[in-house]
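Right, one structure below, let's go through it.
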Amino acid sequence: MGRPRSVIPGDSIAVGLAKIAGLDGQVTIDASNTFGEPLPGYDSIAHQVKAIVGGPAAKAFNTNFASIYDAVDAEPMPPGTLFACDADARETTERLIRDAGFEPIHLGDLAKAALLESLITLTSTLDRGELGPFFYRFHGPGELAARLGLNPS
């Protein structure tokens, strides 16, 4: 698995994808964000991508900061990446997330893509505050201590 083949801004998806040959029916992972209303007729950018490509789709990486991707390997445990996807895109999406050094956090089917896109307001607000670009992790009770080999008693 290599780097993404193409990076297209969220507001240019239709034009950008039209310029790429051989995408028909392929698994597509949308990592873009939009700062306005979704395009009429689509619940999310990921749904628009799916309609154009005609294959299984996923929404992932849009809640992570590309500016700190180089710092992922220095983390003591993988940071998280929230994602939503069609069932036929899940295996590929999880593999890409892990290959990039992140831990997949599955939110559900592609209907959750709009929720992921709406999180840009929260992540941007945190970034502009004292925190700056950040990694995130979600764990159930006791899971973090177990992963770190700590006794949670």
Side-chain angles (χ1 to χ4, degrees), residues 1-69 71-73 75 77-127 131 133-147:
M1 177 123 347
R3 297 267 182 211
R5 290 184 181 176
S6 180
V7 178
I8 303 168
D11 59 355
S12 303
I13 291 292
V15 172
L17 289 177
K19 295 177 181 181
I20 302 172
L23 288 179
D24 292 346
Q26 297 294 312
V27 171
T28 308
I29 301 172
D30 171 36
S32 64
N33 281 302
T34 184
F35 294 91
E37 293 297 315
L39 192 63
Y42 300 100
D43 293 335
S44 68
I45 300 170
H47 284 91
Q48 181 185 11
V49 169
K50 179 178 178 164
I52 293 167
V53 174
K59 183 75 176 188
F61 295 106
N62 72 304
T63 58
N64 299 104
F65 291 89
S67 63
I68 57 173
Y69 280 171
V72 171
D73 291 338
E75 290 293 297
M77 62 186 310
T81 294
L82 298 167
F83 78 102
C85 63
D86 291 323
D88 291 344
R90 185 166 180 172
E91 182 181 336
T92 300
T93 304
E94 287 184 347
R95 186 173 58 243
L96 179 64
I97 290 169
R98 284 192 176 97
D99 286 352
F102 292 86
E103 182 69 27
I105 303 169
H106 187 237
L107 296 183
D109 65 20
L110 201 60
K112 300 291 186 197
L115 172 63
L116 282 172
E117 291 176 8
S118 73
L119 291 177
I120 190 61
T121 302
L122 174 63
T123 56
S124 295
T125 300
L126 290 168
D127 175 42
L131 186 57
F134 59 91
F135 293 122
Y136 58 85
R137 295 166 186 85
F138 293 93
H139 302 284
E143 186 179 352
L144 181 59
R147 284 183 165 205

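Bear in mind the structure is a predicted one, so any value in this text is a computation, not a measurement.
- The shortest non-hydrogen separation linking Leu110 to Ala46 is CD1-CB, 3.9 Å.
- A distance-only check finds no donor-acceptor pair linking the side chain of Glu117 to the backbone of Ala114 [under 3.5 Å].
- Taken to the nearest 0.5 Å, the OH atom of Tyr42 stands 5.5 Å off from the CD atom of Gln48.
- Inter-residue side-chain proximity for Phe135 and Val72 is flagged as met; some heavy-atom pair is nearer than 4.5 Å.
- In this structure, the side chain of Asn33 does not engage the main chain of Ile120 through any donor-acceptor pair within 3.5 Å.
- Of the inter-residue distances, the one linking Leu115 atom CG with Asp43 atom CG reads 12.5 Å to the nearest 0.5 angstrom.
- Side chains of Phe83 and His106 form a contact here, defined as non-hydrogen atoms less than 4.5 Å apart.
- Using cut-offs of 30° and 60° for the angle between ring planes, the Tyr69 and Phe102 rings count as perpendicular.
- Ile29 is listed as a side-chain neighbour of Leu96, based on a closest heavy-atom distance under 4.5 Å.
- A 4.5 Å side-chain heavy-atom check between Leu131 and Asp127 finds every atom pair outside the cut-off.
- Between Thr93 and Cys85, the shortest heavy-atom distance links the atoms OG1-CB, 4.5 Å.
- Within the 4.5 Å cutoff, the side chain of Asp88 has no heavy atoms near those of the Val27 side chain.
- To the nearest 0.5 angstrom, Asn64 atom CG is 3.5 Å from Thr81 atom OG1.
- In terms of modelled atom types and a separation under 3.5 Å, the side chain of Asn62 and the main chain of Leu116 share a donor-acceptor contact.
- Two residues are said to be in side-chain contact when any heavy atoms from C-beta on lie closer than 4.5 Å; Arg95 and Asp99 meet this criterion.
- Using a 4.5 Å cut-off on side-chain heavy atoms (C-beta onward), Thr123 and Phe65 make contact.
- No donor-acceptor pair under 3.5 Å is formed between the side chain of Thr92 and the backbone N or O of Ala89.
- In summary, the side chains of Thr63 and Tyr136 do present a donor paired with an acceptor at a separation below 3.5 Å, with no hydrogens or angles considered.
- With hydrogens and angles disregarded, no donor-acceptor distance shorter than 3.5 Å links the side chain of Asp30 to the backbone of Lys50.
- One finds no salt bridge joining Glu103 and Arg137 here, because no Lys/Arg side-chain nitrogen approaches an Asp/Glu carboxylate oxygen to under 4.0 Å.
- Expressed to the nearest 0.5 Å, how far CG of Leu82 lies from CG of Leu119 amounts to 7.0 Å.
- Annotation for Glu91: atom CD does not count as buried by contact number, only 12 or fewer foreign heavy atoms lying within 6.0 Å.
- Across all their heavy atoms, Leu144 and Met77 have their closest contact at CD1-SD, 3.3 Å.
- In this structure, Lys59 and Ser44 have side chains that are not in contact, with every pair of non-hydrogen atoms separated by 4.5 Å or more.
- Residue Asp86 comes nearest to Pro56 through the heavy atom pair OD2-CA, 3.5 Å, listed as atom of the first residue, atom of the second, then distance.
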